[in-house]
Each structure stands twice: as structure tokens, then as C-alpha cells.
Amino acid sequence: MKVLTRFVTSAADPRQFPPPGAPEIAFVGRSNVGKSSLINSLVGSKVAKTSNTPGRTQTINFFQVRRPGKPHPDFVFADLPGYGFARVPKEVTAQWAGFINPYLQERESLALCLVLVDVTIPPQELDMQLLHWLRHVDRNFLLVATKADRISGNQLRTSLHKLSERLSIPSDQIVPFSAKTRVGHDTLWKAIKAAAGVEGPGAQDVAKTG
Ligand SMILES: Nc1nc2c(ncn2[C@@H]2O[C@H](COP(=O)(O)OP(=O)(O)OP(=O)(O)O)[C@@H](O)[C@H]2O)c(=O)[nH]1
Ligand SMILES: [Mg+2]
């Protein structure tokens, strides 16, 4: 889908969150899973900073996303810092909890959490804890298995099956995604539009994307 994207602000404290506006989509997951890359891939431009070094994103970065011809943003994308990275000092990650937890728990405009896991890494305790907590606070979420280009065929199926079992998520609710091949791209846009209450593509677009 073609969209126009604008960086709004970075927040390291709930007081810095922008006023709630369009339905928000949060990109959540461990460090280095590909949250910022997923945002860039979805919007088709390099708005979010990515890095080989885990711990790149240290604030919640808000982006307004608008479909061409629409007067107002249709969505806000929120790029979150990754959790569970040992090389970021404990004091820093403790500070993160001070704005990430209130964001996920209280943000009124938050419509959907995309929870990312790296499909090449076995399910982690921290992922289970995050999902448990999101269920507890009654958040709408969807699991995205990133870096799907790195494994193929049977290996991919086995990994998805393990994720499904370990994280107690039906396999049809796990979306394999790759920023390289763009597999999963259309499925994620559909889920985002549905969560935001934005009407789907017209019949012509459906015919084009399959
Ligand atoms: N092969 C492959 N590599 C990817 C993919 N998505 C991200 N990467 C790589 O993974 C690394 C981390 O990507 P980021 O998007 O910065 O990850 P992040 O989750 O935002 O990381 P933090 O901000 O540190 O939490 C980069 O080197 C990316 O190029 C993908 O789909 N396939
Ligand atoms: Mg990032």
C-alpha cells in the first residue's frame, strides 16, 4: 500500500507522548528482531533507524502514516525500543520500563500491538512474558515471525510450529515476514487496516495483490 509517512516525536517519558490521534500500531519485541525494519518496509521509506547493533531504538518513536489523498493521518506507527538486550545497562532498561509499560497499558489510541519474534531463534522466556502481559492488560496483538528469508521450506514450518506451541498462539495467527522478500507484507497491512477500522483496498487492488 502506498502511504506518506511523517516522523512526529520521540518519547522517553509518558509526558512526551503525543496527544492521542489516529489509531496506533505498536511494534514490540526483543532487541534486533527487526521492528524498525518492519516499519520501513511497510511504509516503503527509511523513516525508522535500523542497525546491526541491538539496542538501536531507545525511545518510542511516533510516525504519522497517511494514505495519499486523505486529509488526516490514518494510522500512527510507534517504534518501541527492544527488550532483553544484555549489553544495554540495567539502569537504562529499567528507565525504559517507566515509559514502555505505561504506553502499552494505558495508551488509549493503541489499536494493535505487532509482537515480533525472530523466526531463526527459538521462542524466548521474555517473549512469553510479554505475551502473557499483553493478554493480561487485554491488548489486541498479532505475532510476526521476522527474518523469514533466512530459513526455507521445512525449516520455516518447523520454527513456526515451535513458536505456535511454546507461545500458545494458533499458527494461523502468526505472520511470517521478511523485510528482504516482503513476504507477509500484504497480510500485515490487512491486519493493520482492520485494527484501525480503515476500509480495505478496492476490488482493483485486491486483484493486483492476489
Ligand atoms: N535477513 C533479514 N534481516 C533483517 C530483517 N529485518 C531486519 N533485519 C536485520 O536485523 C537487524 C536489526 O534490525 P532493526 O530493524 O534495527 O531491529 P530492531 O528490532 O528495531 O532493533 P532495536 O531497535 O535494537 O530493538 C538489522 O541488521 C537488519 O538489517 C529481515 O527481514 N531479514
Ligand atoms: Mg529499532
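What you see is a predicted model; the values in this text were computed from it and never measured. Start at 1 and go down the list; that is how both ligands and their atoms are numbered. Values below: every heavy atom of this structure, side chains too, minus hydrogens, waters and symmetry copies.
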Who pairs with Arg139 by salt bridge (charged side-chain N to carboxylate O under 4.0 Å, His left out), at least two apart in sequence or on another chain?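 Not a single residue meets the salt bridge (charged side-chain N to carboxylate O under 4.0 Å, His left out) criterion with Arg139.
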
Could you tell me which residues satisfy salt bridge (charged side-chain N to carboxylate O under 4.0 Å, His left out) with Asp118, sequence neighbours excluded, listed by chain and number?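 Partners of Asp118 by the salt bridge (charged side-chain N to carboxylate O under 4.0 Å, His left out) criterion, ordered by chain and then number, come out as Lys147.
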
Report yes if the side chains of [X] and [Y] come closer than 4.5 Å at any heavy-atom pair, otherwise no.
| X | Y | result |
| --- | --- | --- |
| Phe77 | Phe62 | no |
| Thr5 | Val3 | yes |
| Leu160 | Ser171 | no |
| Leu110 | Leu104 | yes |

Within the supplied structure, the quantity of interest is the number of heavy atoms (other residues, nucleotides, ligands) at a distance under 6.0 Å from Asp172 CG; does it exceed 12?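 More than 12 within 6.0 Å, yes.
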
Is the side chain of Thr59 donor-acceptor paired with the backbone N or O of Asn61 at a distance under 3.5 Å, no angle test?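 No, because the side chain of Thr59 does not come within donor-acceptor range (under 3.5 Å) of the backbone of Asn61.
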
Please output the residues near ligand 1 using a strict heavy-atom distance under 4.0 Å, listed in chain and residue-number order.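 Contacts of ligand 1 under 4.0 Å: Ser31, Asn32, Val33, Gly34, Lys35, Ser36, Ser37, Thr50, Ser51, Asn52, Pro54, Gly55, Arg56, Thr57, Gly82, Lys147, Asp149, Arg150, Ser178, Ala179, Lys180.
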
Please list, in chain and residue-number order, the protein N/O/S atoms closer than 2.8 Å to the Mg ion (ligand 2).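 Near the Mg ion (ligand 2), below 2.8 Å, one finds Ser36 OG, Thr57 OG1.
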
Working for side chain to side chain contact (heavy atoms under 4.5 Å, CB included), residues Val119 and Ile151: CA-CA 8 Å; Val119 78; Ile151 52 177; 3.9 Å; yes

